[in-house]
Amino acid sequence: MSENNDKRLFLVDAYAMIFRGYYALIRSPRITSSGMDTSAIFGFTNSLIELIRRQKPTQLAVVFDVGKTNVRTEDFADYKANRSDTPEAIQLAIPYIHRILQAMHIPILGVEGYEADDVIGTIACKAEKQGYTVYMVTPDKDFAQLVTPNIKIYKPGLKGAEFEILGVEEVQAKYGIKDPKQVIDFLAMMGDAVDNIPGLEGVGEKTATKFLQQYGSLENLLEHTHELKGKLKEKVENSAERGRMSKRLATIICDVPVDFEHEKYDLETPDFEQVRQVFDEIEFRRLYETLYRAFSEDKVSTGAEVLEPAKEGATQLDLFSSFDDLEQATSQKASLDSSQTLYQLIDNSTAVKALVKTLLEKDSVCFDTETTSLNELEAQLVGISFSYRKGLAYYVPIPTKLEQRSQTLELLRPFFESTKVEKVAHNLKYDYKVLYMHGVQVQEPYFDTMIAHYLLNPDGRHGMDYLAQMHLNYEPISLESLIGKKGKGQGLFNELPLETQRDYSCEDADITFQLYELFRPELEKSELLTLFKEVEMPLLQVLAGMELRGVQLDRGWLEKESKDLESDLKALEEKVFSLSGETFNLNSPKQLGDILFERLGLDPKAKKTKSGQYATSEDILQKLSAAHPVIEPILEYRTYQKLKSTYVDALPLQIDAHDSRVHTNFSQTTAATGRLSSLNPNLQNIPIRTLRGQQIRGAFVASRGHRIISADYSQIELRLIAEIAKEQSMIEAFLKGEDIHASTASKLFNVPLQEVSKLQRSQAKTVNFGIIYGQGAFGLSQQTGLSRSEAKSMIDAYFATYPNLKSWMANQVEEARQKGYVQTLLGRRRYLKDINSRNFVVRGHAERNAVNAPIQGSAADLIKMAMIRIDRLFNEKNLKTEMLLQVHDELVFESPLDEIETASLLIKTQMEEVYETKVPLLVEVGVGKNWLEAH
DNA sequence: AAGCAGCA
DNA sequence: TGCTGCTT
């Protein structure tokens, strides 16, 4: 293994890698059955094994910080202070990682009193002298200073991203410098927040780069400060000493008392049995197979070849089913490659026909489309892959020429339009829309693996590459590595060689099919299959329809409003400048804060945000409005600026040139409660509160001969709370048709309903609202301006009025503790792993979610059901009315004039009768030429 | 609270 | 990346 001409030493920066692994998984951490967070261990170990598998180091060691690091702390007491609050999961991880490394026979290094950086630096230098090529394995940019022709940085790829190797040239290019050593000067000038290196005052990345090009080093800069001008000159001169200290802090020490004993670092075969024991303990199942493979694959002997981030051919897609036990693996070693996957190109009509015939005999078939664009409306089909068995997939290229393309699609049509075969895909709505634009309408039954995972784990991430790694322990070819990063230089999928297209696409279909096999039984086990089949899958098609349809905007009005706002803003800006006696960028909260609190000294105890800036949010400014006349125009400026930039100017840019309509995208897998979310553009946050904001809704217009119908559930969440918690007095209020906030106030303040004051009603409303959003006592005081204890007693009074509500809430929390999750009316789950946390902030959050998720989620369930039924009835009755938008408790339609009454009634009835409840569900319907009038 | 988005 | 602000 260790030929002389191949001496490649990898030094792993342990803590940096552990942190990185931990944060990479922070959104869906790995938790064992006993509740231990093993994300950090997994992240680290996975990267390490990946490194061994792909790079085949000859020498390898892992370096930790040991004991107190006092060499630098003498210099600057705060050094690395920011790192002290290490998460619990990381502290817990260290002993396990040590055990794993020992079992793998990988040396653990560390020198008391020195940073791991310094140990790595020292060993790297020594190894270089002995003819080694050294790779420092770390995401930390500080190491760039050590780079030489034989010492490089190996930056592992994060989740699907490729790894990076930084040699001299890369470092030069990245920092715009001649010598990697200048990285020290660079850090000394700009500072580094993570390591608490202060840097020079007023110098950031840009300025530091400029200085380096001009002066070459910190010292030289400090000698020439007289050449600088203005504020910057002053700041740099004042912080010169700080700069020199920063340079000492940033310098990695290369004379740590440690030797490089190369024979100890030879990469040896692990003690598999021992590794397995540790893995078993922390419930790592698939990682063991990866480890075994890393050591059983053919060794590659020349460094240069291995280090090219080359793609492995798709034929090497490993299927670890055959690695279930060690013996089998041993006997198969090195020969498993092409035997287990078959990715076939289907490029003539005879073969396509045969394929479709086969597909039509299957119960479930997975497919994946490849296109030229992420925008479904303009995407051209390039190819489609199919898979119905693990390891097996077919790729059908779709010709560019119209005639041949239609021919191919006609051959495929029977499959897509079959009502027997279940069509499996990841993010099926995308494929549905693309095919729809090509004249093919994919029919139910559907199985979207992305949505399946969303139901199984609504808080997690649902991307295919990510799921492949988590559930199949497999890293797919990244599209980016084939066609380049997003932006100008990005290539098109159809320009790739056919074999590459085939391998990439088949792999996706194959993986999706494997995910399907995994998730389907899981859905069943969690009793989510009905929700999935009856609600989410049918909804997919409804949403696709809404997105394809889009909504018409009044471009002329928006353009005029933009000009009006522009001139209003100009006037306000001048007013602010003259009142404050200074001109600055009003859009910069940072500059605004400085002016208000430094120059005008408005509030000596001004609040700061956590990054040290002055907070200038609306509620803070509002309190100051009496203190200075400048505040009022600032607030007004803010409001208008927001309207202009976010809506008036942004919306016209999203108008599609083909049909002059805006096509938003509804995400069915983003909000953990079960709500939808809308993006590109977000049409769920169009203003309504203020008069001028409202006008924007007027720009959402019905097309000629049509009207907008808006239908909104009145107080659906409160009604559901009353229903689910069986809160009798609240139910009665709804039955009597009372104003619920007034009714709450009447009970809360013990006054007759007729005598409830405005303030009382508004306070009751805030409490009701707080319950819905699970805000708790703490948020309430913020919202109302009441003191903490006043808010507290208000909530006590609230619970005294609604005792069943209180006990229902307590019940939810209890249920979450026992089962680990809470449920909506339709069985949608939200897992709350923090419900037993010892940290009361974290636990409190989970507890509020235990109450909030079933309410918000149930409301989401109901409106989703209503959408499906309305859509079906429109089709059955052949109505031309079309659903355009959903805004959580509101549906917006576009209806031909002669259908308005029929459609309105149908909509209202379906929404109100969507689910049988004791509390009546009330829907308010409005009609108008635009969304504003319809409200 | 939790979505999305604009801006520096 | 952090801050701010719009909706429900």
Side-chain angles (χ1 to χ4, degrees), chain A residues 27 193-194 204-206 458-459 584-594 607-622 634-651 653-654 664-690 692-694 696-697 712-718 720 765-766 768-776 778-780 782-783 830 832 841 844-853 855-857 859-860 863 885-892 931 935:
Chain A
R27 282 211 49 190
V194 180
E205 191 182 330
K206 289 268 163 60
D459 284 286
F584 59 99
N585 185 348
L586 250 175
N587 293 324
S588 162
K590 184 171 149 55
Q591 292 184 32
L592 177 63
D594 286 346
K607 267 195 204 147
K608 297 211 177 177
T609 63
K610 56 182 156 184
S611 65
Q613 285 187 37
Y614 290 106
T616 63
S617 57
E618 187 184 341
D619 52 329
I620 291 181
L621 295 190
Q622 205 83 59
I634 288 175
L635 284 169
E636 208 175 339
Y637 178 93
R638 277 256 179 98
T639 314
Y640 289 175
Q641 176 63 33
K642 172 81 181 183
L643 289 178
K644 183 168 185 293
S645 67
T646 310
Y647 304 104
V648 177
D649 287 347
L651 286 173
L653 298 177
Q654 301 271 0
T664 185
N665 219 308
F666 289 104
S667 166
Q668 218 171 334
T669 58
T670 300
T673 51
R675 279 187 173 183
L676 299 176
S677 86
S678 153
L679 77 168
N680 280 326
N682 181 358
L683 296 185
Q684 292 181 322
N685 73 341
I686 304 303
I688 193 161
R689 248 184 37 227
T690 63
R692 188 141 189 194
Q694 260 181 28
I696 292 167
R697 294 198 169 212
D712 249 273
Y713 277 113
S714 154
Q715 309 294 354
I716 186 163
E717 271 128 344
L718 279 175
L720 286 177
K765 186 177 171 184
T766 315
N768 277 334
F769 190 79
I771 298 289
I772 293 172
Y773 287 119
Q775 279 182 317
F778 345 94
L780 186 64
Q782 289 270 321
Q783 288 258 330
R830 175 105 193 248
L832 299 163
V841 180
H845 189 231
E847 285 171 358
R848 291 196 292 282
N849 272 330
V851 174
N852 171 239
I855 298 305
Q856 218 181 83
I863 197 165
L885 300 175
Q886 189 251 44
V887 192
H888 309 309
D889 63 359
E890 175 188 8
L891 295 175
V892 179
W931 196 5
H935 243 280

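A, B, ... follow the sequence lines: proteins, then strands. Residue 1 opens every chain. Worth saying up front: this structure is predicted, and the values here are computed from it rather than measured.
Here A:Ser678 lies in heavy-atom contact (under 4.0 Å) with sugar-phosphate atoms only. Residue contacts shown for A:Ser667 are absent, as no nucleic acid heavy atom lies under 4.0 Å away. Counting any heavy atom pair closer than 4.0 Å across all strands shown, A:Gln856 reaches no nucleic acid atom. Among the heavy atoms of the strands lying under 4.0 Å from A:Ile686 are primed sugar atoms or P, OP1, OP2 only; no base atom is included. Among the protein residues, A:Ile688 comes within range of the sugar-phosphate backbone only, with heavy atoms under 4.0 Å from sugar or phosphate atoms but none that close to a base. A:Asn852 comes within contact range of no nucleotide atom at all, as no heavy-atom separation falls under 4.0 Å.
A close approach under 4.0 Å does occur between a side-chain nitrogen or oxygen of A:Asn849 and OP1 or OP2 of B:dA2. The side chain of A:Asn680 contributes no N or O atom lying less than 4.0 Å from OP1 or OP2 of B:dC4. Contact between the side-chain N/O atoms of A:Arg675 and the OP1/OP2 oxygens of C:dT8 is not found at any separation under 4.0 Å. Regarding contacts with the backbone of B:dG6, every side-chain N or O of A:Thr646 stays at 4.0 angstrom or more from both OP1 and OP2.
Using modelled atom types, one finds no donor on one side chain facing an acceptor on the other under 3.5 Å when comparing A:His888 with A:Gln856. Defined by atom type and a distance below 3.5 Å, a donor-acceptor pair is missing between the side-chain atoms of A:Arg692 and A:Thr639.
In this structure, of B:dA2, B:dA5, B:dG6, it is B:dG6 that holds the atom nearest to the side chain of A:Ser645. With distances taken from any side-chain atom of A:Arg638 to the nucleotides C:dT8, C:dG5, B:dG3, the minimum falls on C:dG5.
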